[in-house]
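In each ligand, atom 1 is the first atom listed, and ligand 1 is the first ligand listed. Note: hydrogens, waters and symmetry copies are ignored here, and every other heavy atom, side chains too, is used.
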Amino acid sequence: MGKKVAVFGSFVVDLMARASHLPKAGETVKGSVFKMGAGGKGFNQGVAAYKSGADIAMITKVGHDTFADVALKTMDELAWSKEYILYNKDVSTGSAIIMVDEQTSQNEIIIVPGACSTITAQEVDALRPLFSQCAYVLLQLEVNQDANERVVEIANECGCKVILNTAPYQPVSDEFLSKVYMVTPNEVEAEMMTGIHIDGLAAAKKAAQVFYDKGVQVVLITLGERGVFISDHGREDIISAFKVDAVDTTGAGDAFNGGLLTALSEGKDLWEASRFASALAALSVQKIGTTPAMPTRKEVDAFLQRSTI
Ligand code: ATP
Ligand code: RIB
């Protein structure tokens with residue numbers, strides 16, 4: 001097992017429906033499948049990292065309701081420690097309505113973060129001993145941003161490197177970015193954060209430079225089924241995604257980020273780690289759902305063994 005790591009982020013319950021097309025404004029569409037399950041970018045990434053073998057602490061916040069039980073039951077089933085789960089007795093656990101087009105696998109999501117947007121400074125301060133033991137903490141932008149800002153302060157003081165998955169997009173301060181070690185936007189987020197449309201390697205390199213100018217040290221830009229752009233201390237390239245038949249790409253970015261965290265915690269270099277993360281994501285898109293679609297380490301290793309890229 002690798003070094004200890006943490007994910008600090010959202011838990012929400014995903015309410016997912018699939019239909020032959022996504023409804024237009026005012027339209028009602030009959031769906032084919034409904035699934036309720038654990039979700040939220042933070043939790044999805046945490047589960048992806050945990051199931052792929054990381055020694056990972058999951059930090060999130062839930063209410064006192066049946067949606068919170070979905071998180072707790074999932075963690076019990078995985079035999080995963082609930083030590084860093086925070087509670088808000090006055091605010092409901094978060095939820096997300098996810099609509100998936102079963103022809104194209106495109107999705108539309110409304111997320112209501114609820115309890116996981118109420119993380120207090122005191123709760124973050126109490127995590128200092130944990131961050132002192134962690135090599136990396138992985139964040140997203142789905143919880144209240146003042147909590148993320150406090151996490152980067154403390155993590156930096158503790159020598160714990162911050163990886164920021166910039167999803168869902170929201171503006172962040174340069175001060176915040178300057179304390180982030182690695183960013184992992186998708187191409188849309190990269191464009192929104194840098195103003196550069198990512199239409200190839202040259203554009204991705206320019207976008208990476210914008211992040212470097214703000215103090216970030218490593219840049220990965222995920223490009224969906226086209227793969228991932230990696231920029232690491234002067235070495236820059238795109239590695240292809242694995243060719244698979246995707247049925248639901250919701251949470252592909254989460255699968256990738258969770259896999260990346262596991263691989264980095266094991267000391268793999270960024271290229272090898274990105275290959276591992278891409279394999280994990282390729283497996284996840286072949287299943288319906290988000291957290292429930294995350295593969296085990298055995299599945300990732302077997303997939304990598306029979307794959308050629
Ligand atoms: P989402 O918001 O849907 O969770 P994202 O936009 O954050 O995803 P993407 O860039 O779409 O993230 O995908 C992340 C990674 O997942 C890609 O770099 C790739 O390795 C893998 N991936 C995504 N879609 C596919 C696909 N159709 N086939 C194989 N791998 C895929
Ligand atoms: O990235 C996918 C996740 O985004 C879903 O699980 C949903 O909860 C939204 O937060």
Revision key, fill the gap. Here the atoms of ligand 2 under 4.0 Å from any heavy atom belonging to N44 are 2 (C), 3 (C), 5 (C), 6 (O)
Study note, to complete from the structure: among protein heavy atoms, the one nearest atom 30 (N) of ligand 1 is A241 CB, 3.8 Å
Review point. Cut-off 3.5 Å, side chains only: do H21 and Q106 have a donor facing an acceptor?
Key: no
Check your understanding: Please state which protein non-hydrogen atom is closest to atom 5 (C) of ligand 2 and give its distance, to 0.1 Å?
Key -> D14 OD2, 3.5 Å
Practice item. Give a yes/no verdict on a cation-pi contact between K268 and F276, requiring under 6.0 Å between NZ or CZ and the six-membered ring centre and an angle within 45° of the axis. Key: yes
Check your understanding: Going by the angle between their ring planes, with limits at 30° and 60°, are Y136 and Y181 parallel, tilted or perpendicular?
Key -> tilted
**Study point:** Check ion pair K179-E149 (N to O, under 4.0 angstrom)
**Key:** no
Check your understanding: Do T184 and N165 have a side chain donor and acceptor closer than 3.5 Å?
Key -> yes
Study note, to complete from the structure: For atom 18 (O) of ligand 1, the closest protein heavy atom turns out to be G227 O, 2.9 Å
Study note, to complete from the structure: for atom 10 (O) of ligand 2, nearest protein heavy atom and its distance come out as E142 OE2, 2.6 Å
Point to revise | For atom 19 (C) of ligand 1, the protein heavy atom that lies nearest, with its residue and separation | key: G224 O, 3.3 Å
Review point. Side chains of T222 and N186: is there a donor and an acceptor less than 3.5 Å apart?
Key: no
**Study point:** Verdict with supporting geometry, E299 and K51, salt bridge (charged side-chain N to carboxylate O under 4.0 Å, His left out)
**Key:** CA-CA 10 Å; E299 290 170 318; K51 286 185 72 175; 5.6 Å; no
Check your understanding: Any non-hydrogen protein atom below 4.0 Å of atom 6 (O) of ligand 1?
Key -> yes
Practice item. Give the atoms of ligand 2, by number and element, whose distance to some non-hydrogen atom of A96 is under 4.0 Å. Key: 7 (C), 8 (O)
Check your understanding: With a 3.5 Å cut-off and no angle check, do the side chains of T120 and E123 form a donor-acceptor pair?
Key -> yes
Practice item. Among all protein heavy atoms, pick out the one at the shortest distance from atom 1 (P) of ligand 1; state its residue, atom name and that distance to 0.1 Å. Key: G253 N, 3.8 Å
**Study point:** atom 3 (O) of ligand 1 [closest protein heavy-atom partner, distance rounded to 0.1 Å]
**Key:** T249 O, 3.0 Å
Point to revise | Protein heavy-atom partner closest to atom 4 (O) of ligand 2 - residue, atom, separation in Å | key: K41 NZ, 3.3 Å
Exercise for review: Below 4.0 angstrom from a heavy atom of D254, which ligand 2 atoms are there? Numbered from 1 as shown, please.
Suggested key: 1 (O), 2 (C), 3 (C)
**Study point:** Enumerated ligand 2 atoms positioned under 4.0 Å from heavy atoms of V12
**Key:** 8 (O)
Revision key, fill the gap. Near F242 (heavy-atom distance under 4.0 Å), the atoms of ligand 1 are 28 (N), 29 (C)
Practice item. Considering heavy atoms of the protein only, find what lies nearest to atom 16 (O) of ligand 1 and give residue, atom and distance to 0.1 Å. Key: A281 CB, 3.2 Å
Practice item. Report yes or no: do Q122 and D125 form a side-chain donor-acceptor pair below 3.5 Å? Key: no
Check your understanding: Is G40 near ligand 2, meaning one of its heavy atoms is under 4.0 Å from it?
Key -> yes
Point to revise | 4.0 Å heavy-atom contact, A167 with ligand 1 | key: no
Exercise for review: Please find out if less than 6.0 Å separates the ring center of F242 from that of F303.
Suggested key: yes
Exercise for review: Flag the pair D301 and R297 as a salt bridge only when some basic side-chain nitrogen lies within less than 4.0 angstrom of an acidic carboxylate oxygen.
Suggested key: yes
